[in-house]
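Have a look at the structure below before the remarks.
All figures in this text were calculated on a predicted structure; none of them were measured in a lab.
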Amino acid sequence: MKTAVPPDQPKPSTGIKDVINIFWDALIYMLMIIVRFLHSAFEILSDVFIKIYRILLFCYRKPHHAKELFFSTIHIIKVSYDAEIWTWSDMWQVLKSHLIAPMTKPVPMQSPQAKQKQK
């Protein structure tokens, strides 16, 4: 006894085509995950390299300021650690906010008026 399939419903699948479609969908999904992971990793790496470059540029352009920032931050951390005021996470926040953040600021661009005044 055969049952008739109404015309508005899809025909029953053949089996192997469904398996192949599932594998393709899984492959495409995995490739999308890999691409998103690589994109995130490259963004993080580029951000780190930019910060390192800006720190080195700051140290090159203003060595006295960089030395003073470094020693004053280390002194603040050492004194607070000896007095047991801050935890390690607090000291890391101070290091980031007092040493790394000022050095990684982008170099301000000169306005056209300032360039004309220099000439």
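For the pair F58 and K105, the minimum side-chain heavy-atom distance is 4.5 Å or more.
Applying the side-chain contact (heavy atoms from CB on, under 4.5 Å) criterion to V19, with sequence neighbours excluded, gives F23.
Going from atom CE of M30 over to atom CD1 of I34 covers 5.5 Å, rounded to the nearest 0.5 Å. Summarising the geometry, atom NE2 belonging to H39 is positioned 11.0 Å from atom CD1 belonging to I44; distances are rounded to the nearest 0.5 Å. Atoms CE and CD1, on M91 and I85 in that order, are 10.0 Å from each other to the nearest 0.5 Å. Note that CD1 of I100 and CG of L95 are 4.5 Å apart. Values are rounded to the nearest 0.5 Å. The CG atom of L38 sits 10.5 Å away from the CG atom of L31 when rounded to the nearest 0.5 Å. Note: K62 NZ to L57 CG = 9.5 Å, rounded to the nearest 0.5 Å.
Neither W24 nor M32 shares a network with the other; the hydrophobic side chains, linked directly or stepwise wherever heavy atoms of I, L, V, M, F, W or Y lie under 4.5 Å apart, form separate groups for each. Linking ILVMFWY residues whenever their side-chain heavy atoms come closer than 4.5 Å, directly or via other members, places I76 and Y81 in the same cluster. Residues I74 and W92 share a hydrophobic cluster, clusters being chains of Ile/Leu/Val/Met/Phe/Trp/Tyr side chains in contact below 4.5 Å.
Residues C59 and A66 approach most closely at SG-CB, 3.8 Å, considering heavy atoms.
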Inset, instruction - Might you work through the side-chain contact (heavy atoms from CB on, under 4.5 Å) test for V79 and H75, ending with a clear yes or no? - result: CA-CA 6 Å; V79 168; H75 178 72; 3.5 Å; yes

